[in-house]
Colleague: 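After the structure tokens below, expect a handful of questions from me.
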2 protein chains.
Amino acid sequence: MPRNRRPRDREEKSAEIVAAAATLFTDVGFEKTSLVSVAKVAGVTTNTIYWYFESKEALLVAVLDHLLAEALHGVDEQAETPLVDRLLWVVGRLDERAKLVTTVHALATTSPVVEAWHDGFHAVTNEILADGLRQSGIPEEQVVPMTRLGVFAIEGLLMHPLPEAEQRAVLRLALDGPR
Amino acid sequence: MPRNRRPRDREEKSAEIVAAAATLFTDVGFEKTSLVSVAKVAGVTTNTIYWYFESKEALLVAVLDHLLAEALHGVDEQAETPLVDRLLWVVGRLDERAKLVTTVHALATTSPVVEAWHDGFHAVTNEILADGLRQSGIPEEQVVPMTRLGVFAIEGLLMHPLPEAEQRAVLRLALDGPR
DNA sequence: ACCTGAACACCGTTCAAGT
DNA sequence: ACCTGAACACCGTTCAAGT
């Protein structure tokens, strides 16, 4: 029982693993990142990862939670700017993580853990976008399909890089319609 | 030189491998399908696959070409029906292959072969959709963003299953705008 | 030209053993 | 409770060898 092992060691170690995984997953990609390389960066052994996380996919979910919290930090201060700009801001922040967007969709069809995270993520983002639309005075029966189209547009923009002017054109079209 | 080896053996064998891979990739998923299982279904050895295809990803591209040709067969006869219904028809036909849609996007970021196929696919579908929009009398400067939004909507519908009535609502909104 | 057997390097995961 | 060494089963891929 060494006295230098403080009680927050657990969260620290786990946080280091998540941080290492977050960098590698976004840069190298989830599939191409081996747990050995995650362990190396985090300064632990492969098996240690399994003490903290049930599987590689469970580690991915922890990474996603971490990045989401990070990405959402600051979205509140933007409550005053127009909806289109707010969405554009979100797209800009998520752009470096684009690789993970496709990874999540690919894994959601086979991995229950990832599927659960994906469903929860959509529930949250749908709610945020739907609220924004209602406050813009969109008639209630159009809120649901427009929310869906808006989310599809955001996902599409993340998966297919485009200059910002064209991103804006697509989002405006999705929210305001032609003209 | 056995006399029962006909000259079309090569295409036959390769077609059998593609057919086996097409079934397994769509049902089990690309990542979860091992080349051993493909070989077993096709009645060959794993190494034989490498005689016909450069890699597992090259085999995927062959499968995609095969399925695309199959899916596009019959789209011409629909030239008279409204654009929304035509897109809905395409979505319906691709729905069982939804797993592959996400796989292609996931691999496109790391595999040049798959990225090339993905780019070509988008070029073709963009053209088809843009032509349809022009014939519907959409003003030229709106054709490009509307095509993009339309493709994003289709991909979104493939990645997130929805009842047909809601699929139609999203597509109508993308093409006709609110009201 | 076409196909195989046997190996290679690597992967996610497990488990008995240590502290 | 936490971590490790060593192994497991499996994977995509390669290559020398056969016909």
Side-chain angles (χ1 to χ4, degrees), chain A residues 1-18 20-22 24-25 27-64 103-104 106-107 110-114, chain B residues 1-18 20-22 24-25 28-64 103-104 106-107 109-114:
Chain A
M1 201 66 77
R3 66 157 61 97
N4 64 345
R5 175 176 298 174
R6 292 149 298 162
R8 37 192 265 274
D9 260 8
R10 171 162 238 279
E11 298 112 66
E12 267 179 26
K13 204 73 157 255
S14 140
E16 272 167 35
I17 296 173
V18 168
L24 289 168
F25 287 175
D27 293 352
V28 185
F30 175 76
E31 313 280 356
K32 292 208 163 187
T33 301
S34 72
L35 290 182
V36 177
S37 65
V38 175
K40 206 166 288 178
V41 173
V44 296
T45 306
T46 310
N47 308 336
T48 305
I49 296 177
Y50 279 87
W51 178 257
Y52 292 96
F53 304 96
E54 266 201 341
S55 63
K56 194 187 179 186
E57 283 156 7
L59 175 57
L60 173 64
V61 168
V63 167
L64 293 171
T103 301
V104 167
L107 289 179
T110 51
S111 156
V113 223
V114 179
Chain B
M1 201 68 76
R3 66 158 60 97
N4 64 344
R5 176 176 295 173
R6 290 152 298 160
R8 35 193 269 271
D9 261 10
R10 173 162 235 281
E11 298 113 64
E12 267 178 25
K13 204 74 158 252
S14 138
E16 270 167 35
I17 296 174
V18 169
L24 288 168
F25 287 174
V28 184
F30 175 77
E31 313 281 356
K32 294 209 162 185
T33 301
S34 72
L35 288 182
V36 177
S37 66
V38 174
K40 205 167 291 178
V41 173
V44 296
T45 306
T46 311
N47 308 337
T48 304
I49 296 178
Y50 279 88
W51 177 258
Y52 291 97
F53 305 97
E54 266 200 342
S55 63
K56 194 187 180 187
E57 283 155 7
L59 174 58
L60 173 64
V61 169
V63 167
L64 293 171
T103 301
V104 168
L107 289 179
T109 63
T110 51
S111 156
V113 223
V114 179

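Each chain gets a letter, A, B and so on, in the order the sequences are listed, and its residues count up from 1. Basis for what follows: all heavy atoms, side chains included, without hydrogens, waters or symmetry-related copies.
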Colleague: List the atom of B:Ala39, the atom of B:Thr46, and the distance in Å for their closest heavy-atom pair.
Modeller: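 The pair with the smallest heavy-atom distance is CB-N, 3.7 Å.
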Colleague: Given atom CD1 of B:Ile49 and atom C1' of C:dC2, what is their separation to the nearest angstrom?
Modeller: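 It works out to 15 Å between those atoms.
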Colleague: Atom NZ of B:Lys32 and atom C1' of D:dC10: how far apart are they, to the nearest Å?
Modeller: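 One finds 14 Å between C1' of D:dC10 and NZ of B:Lys32, rounded.
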Colleague: Considering just the side-chain nitrogens and oxygens of B:Lys13, establish if one lies under 4.0 Å of OP1 or OP2 belonging to C:dC3.
Modeller: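 Affirmative; the distance criterion is met.
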Colleague: For the atom pair OG1 (A:Thr110) and CD (B:Glu31), what is the distance rounded to the nearest 0.5 Å?
Modeller: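 If we round to the nearest 0.5 Å, A:Thr110:OG1 and B:Glu31:CD are 8.0 Å apart.
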Colleague: Please find the pair of heavy atoms, one from A:Ala106 and one from B:Ala106, that lie closest to each other, and give the distance.
Modeller: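 Heavy-atom minimum between the residues: CB-CB, 4.1 Å.
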Colleague: Among D:dT4, C:dT4, C:dC2, find the nucleotide with the atom closest to the side chain of A:Thr48.
Modeller: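 My answer, after comparing the listed nucleotides, is D:dT4.
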Colleague: Indicate for each nucleotide in nucleotides 12-19 of chain C, in 5' to 3' sequence, whether protein heavy atoms under 4.0 Å reach the base (B), only the sugar-phosphate (S), or nothing (-).
Modeller: SBB-----
Colleague: For D:dC3 and A:Thr45 - does any side-chain N or O of the residue sit under 4.0 Å from the phosphate oxygens OP1/OP2?
Modeller: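 It does not, given that no N or O in the side chain of A:Thr45 lies less than 4.0 Å from OP1 or OP2 of D:dC3.
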Colleague: Donor-acceptor pairs are to be reported for all side-chain atoms of residues 54-61 of chain B against protein atoms at under 3.5 Å, with residues two or more places apart or in another chain.
Modeller:
from	atom 1	to	atom 2	distance (Å)
B:Ser55	OG	B:Glu57	N	3.4
B:Ser55	OG	B:Ala58	N	3.2
B:Lys56	NZ	B:Phe30	O	3.0
B:Lys56	NZ	B:Thr33	O	2.8
B:Glu57	OE1	B:Ser111	OG	3.1

Colleague: Quickly work out the B:Glu12 CD to C:dC2 C1' distance and round it to whole Å.
Modeller: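 The answer, rounded to whole Å, is 15 Å.
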Colleague: Dot-bracket for DNA chain D: what is it, with Watson-Crick or G-U pairs under 3.5 Å, [ ] where a pair crosses earlier ones, and | for a pair to another strand?
Modeller: ||.|||||...|||||.||
Colleague: Which pair of non-hydrogen atoms, one from B:Val38 and one from B:Ile17, has the smallest distance, and what is that distance?
Modeller: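 Shortest heavy-atom contact: CG1-O, 4.2 Å.
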Colleague: Nearest 0.5 Å, please: how far is CG in A:Leu35 from OG1 in A:Thr45?
Modeller: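 Rounded to the nearest 0.5 Å, the OG1-CG separation comes to 12.5 Å.
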Colleague: Who passes side-chain contact (heavy atoms from CB on, under 4.5 Å) against A:Lys40, sequence neighbours left out?
Modeller: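 Listed in chain order: A:Val36.
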Colleague: Apply side chain to side chain contact (heavy atoms under 4.5 Å, CB included) to residues B:Val18 and B:Phe53 and explain how you reach the verdict.
Modeller: CA-CA 10 Å; B:Val18 169; B:Phe53 305 97; 3.6 Å; yes
Colleague: Rounded to the nearest angstrom, tell me the gap between atom CH2 in A:Trp51 and atom P in D:dC3.
Modeller: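 Atom-to-atom, A:Trp51 to D:dC3, this comes out as 9 Å.
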